[in-house]
There are 2 protein chains.
Amino acid sequence: MTKRPADPANGSAPAARQVPMRDFSRSLPMSLLRAREAVMRQFRPKLREYGLTEQQWRILRALAAIEAAEVTELARTAFLLGPSLSRILRDLEARNLIERKTAKADQRRSMVSISKEGVKLMASIAPSSEAIYAEITRRFGVRKLAELQEMLGQLELCLASVDASDEITDDA
Amino acid sequence: MTKRPADPANGSAPAARQVPMRDFSRSLPMSLLRAREAVMRQFRPKLREYGLTEQQWRILRALAAIEAAEVTELARTAFLLGPSLSRILRDLEARNLIERKTAKADQRRSMVSISKEGVKLMASIAPSSEAIYAEITRRFGVRKLAELQEMLGQLELCLASVDASDEITDDA
DNA sequence: CGCATTCACTTAACATGTTAAGTATCTTCG
DNA sequence: CGAAGATACTTAACATGTTAAGTGAATGCG
């Protein structure tokens, strides 16, 4: 009722299709998705308690680390697309958690920074967040966690190089 | 000009916060998110070419593997929440890629299955999909990919047990 | 039997992901 | 200078993620 192991007891038979395909539940994207969900499930309750979504938290964390940033730079750091970031910044600004001011040199750019209130909020949440992270690390193992991160980084890297080349050859 | 290293050359000061926190970009959730995005970036163009989103593709793949399933079971398999699945099924049904019929024994349940057209579409895409997957495997390494999947599974497992415990102890 | 509860699914409402188009500003170059 | 193009965002529109509420059909139990 709460959560069956959810394991594919369905991996049984019907491979008789044209192209077999890997067992869907063991595809890399699914593995990554589920792993991430398992991790985030640990954090979300605490964030929710403070009225923050995962993305808002990402933005505040990024801002707390770099003091001020242009929107584009922030998007890259928090791994959000421009439009999402635009909306979220609008809301965070309305809640007085961030501040913006257009750059003097270039009126198009706007510098975003975390507000005093934002810092205070961060300070309230950070201990819990770190505790959760520590617990995850403990459960999974420090060594293994480092290994995993290393592999994830390598995966990202070895695929990133592909994108560049394939943006030219879309005809075949 | 395009992308400043974005490294904390600004790390000058703000470490003087209350709780330091790990470098945000190296947090496990971010690593998982970026890795998954790197992988999906390889697939999305091909899916888009066939007018499918990532989630629609997940559903079709799941259905192709199990022939027919109840909505709830499908949600678990495709790792989607009920409401999302409901909407997507409505759309896939409108496109005649799936079929539904309510179960005789229990009028609440509806059995979902992939249609002939759906199978045909799958057959069109599967080869490309497999080719992309093969290329990813080749680049990253078969061995390493298996290791990564193994670790992701373990991570999921060691965190899942946490959830369970807190879902049972709601009486105390 | 009858009614409360549970169950399977859908709708609703709001936030985000994603692509395309729009707007204002800056840059380039004739 | 001034118009074309590039840049930095923002808006718009649609699909999905996510939580809560709704609906109709089974179940349990008096």
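Convention: sequence-line order gives letters A, B, ...; per-chain numbering from 1. Keep in mind that what you see is a predicted model, and the values were worked out from it rather than measured.
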Counting only side-chain N and O atoms of A:Ser84, is one of them less than 4.0 Å from OP1 or OP2 of C:dT16?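 Result: no.
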
Contact under 4.0 Å: B:Gln56 side-chain N or O vs D:dT16 OP1/OP2: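 Yes, such a contact exists.
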
Classify [X] by what it touches in the nucleic acid, base, sugar-phosphate, or nothing, heavy-atom distance under 4.0 Å.
X       : answer
B:Thr72 : sugar-phosphate
B:Thr53 : sugar-phosphate
B:Arg87 : base

Taking the side chain as C-beta and beyond, is there a heavy-atom pair between [X] and [Y] under 4.5 Å?
X       : Y       : value
A:Glu99 : A:Glu93 : no
A:Arg90 : A:Arg87 : yes
B:Gln56 : B:Arg95 : yes

Whole-Å distance between [N] [atom2] and [X] [atom1]?
X       : N      : atom1 : atom2 : answer
A:Leu81 : D:dA15 : CG    : P     : 17 Å
A:Phe79 : C:dT16 : CZ    : P     : 17 Å
B:Gln55 : C:dT16 : CD    : P     : 17 Å
B:Glu73 : C:dC7  : CD    : C1'   : 16 Å
A:Leu85 : C:dA15 : CG    : P     : 16 Å
A:Glu49 : D:dT19 : CD    : C1'   : 17 Å
B:Glu37 : C:dG17 : CD    : P     : 11 Å
B:Leu74 : C:dA8  : CG    : P     : 15 Å

Want to settle it: does A:Arg90 or B:Asp91 sit nearer the 5' end of DNA chain D, counting the closest nucleotide to each?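 Nearest nucleotide further toward 5': that of A:Arg90.
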
Does A:Ser86 or A:Arg44 map to a spot on DNA chain D nearer the 5' end, using the closest nucleotide for each?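 Of the two residues, A:Ser86 wins.
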
Inter-residue atom distance A:Leu148.CG - B:Glu150.CD, 0.5 Å rounding: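 With rounding to 0.5 Å, CG (A:Leu148) is 11.5 Å from CD (B:Glu150).
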
Looking at CG of A:Leu28 and CG of B:Leu145, how far apart are the two atoms once the value is rounded to the nearest 0.5 Å?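 The distance works out to 5.5 Å.
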
Heavy atom of residues 99-109 of chain B under 4.0 Å from DNA chain D: which residues?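 By residue number: B:Ala105, B:Asp106, B:Gln107, B:Arg108.
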
Check this for me: does any side-chain nitrogen of one of A:Lys46 and A:Glu49 sit under 4.0 Å from a carboxylate oxygen of the other?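 Yes.
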
Closest nucleotide among C:dC9, D:dA12, C:dG17 to the A:Arg58 side chain: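 For A:Arg58, the side-chain atoms sit closest to C:dG17.
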
Heavy-atom closest pair, residues B:Arg58 and B:Leu80: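 Where B:Arg58 meets B:Leu80 most closely, the heavy atoms are NH2-CD2, 3.1 Å.
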
